[in-house]
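Some notes on the structure that comes next.
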2 protein chains.
Amino acid sequence: MTTEYAQLLKAHALKATFQRTQILEVIERYGHIAIEKIYEEVSKVHASLSLATIYKNILLMVEKGVLTEVPIIGQKSKYEIAKEEHIHLICTSCGTVMDKMLDVDTAQDTEKVAETSGFSLDHRQLNLYGLCEACRG
Amino acid sequence: MTTEYAQLLKAHALKATFQRTQILEVIERYGHIAIEKIYEEVSKVHASLSLATIYKNILLMVEKGVLTEVPIIGQKSKYEIAKEEHIHLICTSCGTVMDKMLDVDTAQDTEKVAETSGFSLDHRQLNLYGLCEACRG
DNA sequence: TCCTTTACAAATAAAAATTATCGTAAGGAA
DNA sequence: TTCCTTACGATAATTTTTATTTGTAAAGGA
């Protein structure tokens, strides 16, 4: 069966194995998720899965541009499906990561900072830390 | 002069040991530096230093607000002396990290993003990845 | 000064995270 | 289906990080 994930993998010259499509399914379901949790979740539908397989595939899919690493202060990195550039709101209480659109002004401002420094900008990583609505109490 | 670091430590309720002032001296000299490299450098002036001591002290100094962790895509976290909020320009070729002033507009824009999401903003992490002037060739 | 208390560093030791190896199995093109 | 290539699973081996224990030194009080 050619699922949405199988196509995504093939579009990046990767074979669409069951393990990989399951990993992608879990990542999409969570939005942002750490390695250990991916292992935990995928194991539920594929008990014989090896943790090494997760590591290998995550690394590979990051290399191929299917996934993006989201390094976070004080935590292990989380991973998300690569998508249009955006901002992260990270709750320091519950750990939730939310995506927010990157507004044009901020994009332009940062481009300008890079430019005036003789720096050729490739991509941004804009993380805002604080308390989400639920955790503010 | 190491008294500068001794004062910094004391201001955060930490004792000014030789090891700690040396760690701080190395971090300031490099600007941004990973654990392993700190160990390598401090070992030069203090051969019997244990790597566990580095970890313990880095963790402690981050907790106390003397240091800031800078997590970077595809690398181990680097550490810097805590200072006024700023942007990082990270060269994906040579790995150099440069500090840039955070302009008022960007600061306000991000505050607004947080606000309209019901998010109480605590601190930002704005990293720009690309090629530094030297690496553009 | 001497004693007591506390904190620290060093040295392990232990645990956790990540990467490598290799025989077998599965994907995909023809 | 057949064949070639690549991925998986099962370790094993490393690396990274954290915890524990012990000896020493510094700090403060009598």
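Per chain, numbering begins at 1; letters A, B, ... match sequence-line order.
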Round to the nearest Å and state the distance from [X] atom [atom1] to [N] atom [atom2].
X	N	atom1	atom2	value
I58(A)	dC8(D)	CD1	P	11 Å
L60(B)	dT18(D)	CG	P	13 Å
I35(B)	dA17(C)	CD1	P	16 Å
I54(A)	dA17(C)	CD1	C1'	14 Å
Q22(B)	dA9(C)	CD	C1'	15 Å
Y79(B)	dT17(D)	OH	C1'	10 Å
E36(B)	dT14(D)	CD	C1'	13 Å

_Candidate nucleotides dG9(D), dT16(D), dT17(D), ranked by approach to the side chain of L51(B) - the nearest_ =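 When the side chain of L51(B) is considered, dT17(D) is the closest of dG9(D), dT16(D), dT17(D).
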_H86(A) side chain to E84(A) backbone, donor-acceptor under 3.5 Å_ =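 Here the side-chain-to-backbone pair exists.
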*Take L59(B) and R20(A), find for each the nucleotide of DNA chain D with the closest heavy atom, and name the residue whose nucleotide sits nearer the 5' end.*
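Looking at DNA chain D, the more 5' nearest nucleotide goes with R20(A).
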*CD of E85(B): more than 12 outside heavy atoms within 6.0 angstrom?*
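Result for CD/E85(B): enclosed.
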*Are there more than 12 heavy atoms of other residues, nucleotides or ligands under 6.0 Å from atom CD of E133(B)?*
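Count not over threshold, so no.
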*F18(A) and H46(A) aromatic ring geometry - parallel, tilted or perpendicular at 30°/60° bounds*: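 Aromatic pair H46(A)/F18(A) classed tilted.
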*Terminal helix-axis angle for the helix from dT1(C)-dA30(D) to dA30(C)-dT1(D), with five pairs defining each axis and rounding to 10 degrees*: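 Computed angle between terminal axes is 40°.
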*asked:* I need the residues from residues 37-50 of chain A with at least one non-hydrogen atom less than 4.0 Å from DNA chain D; give them sorted by number, or say none.
replied: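 Nucleic-acid contacts, sorted: H46(A), S48(A), L49(A), S50(A).
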*Do nucleotides 22-30 of chain C as a string where each nucleotide becomes B, S or -: B if the base has a protein heavy atom under 4.0 Å, S if just the sugar-phosphate does, - if no protein is that close.*
-----BS--
*Test Y55(B) against every option in L51(B), I58(B), L59(B) by the side-chain contact (heavy atoms from CB on, under 4.5 Å) rule and name the one that passes.*
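Checked L51(B), I58(B), L59(B) against Y55(B); only one passes side-chain contact (heavy atoms from CB on, under 4.5 Å): L51(B).
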_Result of checking V70(A), L67(A), I33(A) against E80(A) for side-chain contact (heavy atoms from CB on, under 4.5 Å)_ =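 Of the listed options, the one satisfying the test is V70(A).
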*Residue whose closest nucleotide on DNA chain C lies nearer the 5' end, A52(A) versus A52(B)*: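 Its nearest nucleotide lies further toward 5', so the answer is A52(B).
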*DNA chain C: Q19(B) or K76(B), which has the more 5' nearest nucleotide?*
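Upstream on the strand: Q19(B).
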*Does a salt bridge link K83(A) with D99(A), judged by any charged N lying under 4.0 Å from a carboxylate O?*
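Here K83(A) pairs with D99(A) in a salt bridge, since their nearest N and O are under 4.0 Å apart.
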*asked:* Whether N57(B) contacts dC8(C) is assessed here as follows: a side-chain N or O lying under 4.0 Å from the phosphate OP1 or OP2. Is that the case?
replied: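 For N57(B), the contact criterion (side-chain N or O under 4.0 Å from OP1 or OP2 of dC8(C)) is not met.
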_Y55(A) side chain near dT19(C) phosphate (N/O to OP1/OP2, under 4.0 Å)_ =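 It does not, given that no N or O in the side chain of Y55(A) lies less than 4.0 Å from OP1 or OP2 of dT19(C).
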*Answer with yes or no whether the hydrophobic clustering places Y30(A) together with M98(A); edges join I, L, V, M, F, W, Y residues whose side-chain heavy atoms lie under 4.5 Å apart.*
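Hydrophobic grouping puts Y30(A) apart from M98(A).
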*asked:* Is there a path of hydrophobic side-chain contacts, each under 4.5 Å between heavy atoms, that joins I81(B) and L126(B)?
replied: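 Cluster IDs for I81(B) and L126(B) differ.
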*If you measure only the distance, is there a donor-acceptor pair under 3.5 Å linking the side chains of T110(B) and R124(B)?*
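Yes - a donor-acceptor pair under 3.5 Å links their side chains.
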*Taking Y5(A) as the fixed residue, which of R20(A), E28(A), E25(A) is the one that meets the side chain to side chain donor-acceptor pair (under 3.5 Å) rule?*
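For Y5(A), the side chain to side chain donor-acceptor pair (under 3.5 Å) test succeeds with only one of R20(A), E28(A), E25(A), which is E28(A).
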*Separation of E40(B) CD from I54(B) CD1 (nearest 0.5 Å)*: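 That separation rounds to 11.0 Å.
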